[in-house]
Amino acid sequence: MDLHNEAVKIREAAAKAIQACRTTEDIEAVRVKYVGRKGRLTQLLRKLGDVPAEQRKEAGRILNETKEELTSLLTSRRSEIEESVRQQVRASETIDVTLPGRKPRLGKLHPTLRVLDEIVNVFIGLGFAVVEGPEIETEYNNFDALNFPPWHPSRDDFDSFYVAEGYVLRTHTSPAQIRVMKSQDPPVRVIVPGRCYRRDTPDASHLMSFFQIEGLYVDHDVSLADLKGTLAIFAREVFGPQTKIRFRPHYFPFTEPSAELDISCLVCAGKGCRLCKHSGWLEVLGCGMVHPNVFKHVGYDHRAVTGFAFGLGVERIAMLKYGIADIRTLYENDVRVLNGL
Ligand code: PHE
């Protein structure tokens, strides 16, 4: 057998096979086939012993050179393949910097809180200070000091949550009036935002827990005209400059005279529609001049000072502003609904 010829044939066949390789698995297969332990060239090298001694050196050199050559061809083809795989990966992982970014979803304040902030800010602008009171109140502050007679129906278990002897979850923010006046001398000009509780069965217009904002202004010469002027500004700021207001006589134990404030209907501007039940007006809050008996309870001289107070339901105003028909919407907190508000 002509070892030299054989080596040249193997070299040519192997070089072709290496060129045709597409994957590193192909490379490995070619390597095993030609230069592996049972590969064609390896087998040829084993036959070197059969070659006559004087030719053996030359034949050995040729075979070893061929092996080195094939090994280096395999190595360089392998790196070519690896490089092209890397390039493909790189191309597929390219970041398109011209793609518009995805906006992260931003949270926002709950509509009830938004309206509460807005109203509070109007009164801050008018010089009112913001204070808070506890949600668990004494029966005395919640009722007695506010001139509720002992037999008043809202004291009933059915209307109030009694938490212990003499304590209730406040049914309105008005007890904060007592706390503020007991802690300071006139002039007093405060608003009190906060949560209140009543034993109502939840329906489209009632919740067991809701927010109120109380207002109280006491000084030496506060009149009903001050109340009217203050609430007119509030109505225009919160509901828009075209808003008209009217007082309707009402009754609260802790104010005299008492009134409810109506605003011209936000939907029909007074012509009459479903929202205002064809009256042209929407009821927004209760108010009045502080009753002398309340001043007596807090130790103010009821002959020397006068004052006005008002209390409004925040959810009710949020419903009017956002056109929400059912107050429970504001407590169910369905994000799909809240996002649209
Ligand atoms: N506290 C009353 C209520 O909850 C509202 C009110 C406050 C009325 C202050 C007059 C003065 O209905």
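Note that ligands are numbered from 1 as they come in the structure, with each ligand's atoms numbered from 1 the same way.
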Assess F254 for proximity to ligand 1: is some non-hydrogen atom of it under 4.0 Å away? yes
Is there at least one pair of N or O atoms, one from R198 and one from ligand 1, spaced under 3.5 Å apart? yes
Closest approach of any protein heavy atom to atom 12 (O) of ligand 1, naming residue and atom: F252 CE2, 3.8 Å
At less than 4.0 angstrom from any non-hydrogen atom of A309, what atoms of ligand 1 do you find? 9 (C), 11 (C)
What's the spacing between E83 CD and R78 CZ if we round to 0.5 Å? 15.0 Å
N-O pairing of D159 and R199 below 4.0 Å: no
Answer with side chain, backbone, both or neither: which part of C287 has a heavy atom less than 4.0 angstrom from an atom of ligand 1? backbone
Using the ring of each side chain (for Trp, its six-membered ring), is F128 parallel, tilted or perpendicular to F310, with breaks at 30° and 60°? perpendicular
Which ligand 1 atoms does F310 reach within 4.0 Å, using its non-hydrogen atoms? 7 (C), 9 (C), 11 (C)
Do Y167 and E137 get their side chains close enough for a donor-acceptor pair, meaning under 3.5 Å? no
Using a strict 4.0 Å cut-off to heavy atoms of S174, name the atoms of ligand 1 that fall inside it. 1 (N), 7 (C)
Looking only at non-hydrogen atoms, which of S258, G311, G215 approaches atom 7 (C) of ligand 1 most closely? G311
I'd like to check whether E214 has a polar contact with ligand 1, where a contact means an N/O of the residue lying under 3.5 Å from an N/O of the ligand. no
Indicate the ring-plane relationship of F295 and Y300, choosing parallel, tilted or perpendicular according to the 30° and 60° boundaries. parallel
Describe, in one word, how the ring planes of H152 and F148 are oriented to each other, choosing from parallel (under 30°), tilted (30 to 60°) and perpendicular (over 60°). perpendicular
Kindly confirm or rule out an N or O of H172 lying under 3.5 angstrom from an N or O of ligand 1. yes
Determine whether the side chains of E214 and S174 contain a donor N or O and an acceptor N or O closer than 3.5 Å. yes
Is it true that T306 and D221 share a donor-acceptor pair across their side chains at a distance under 3.5 Å? no
Any N or O of Q212 closer than 3.5 Å to N or O of ligand 1: yes
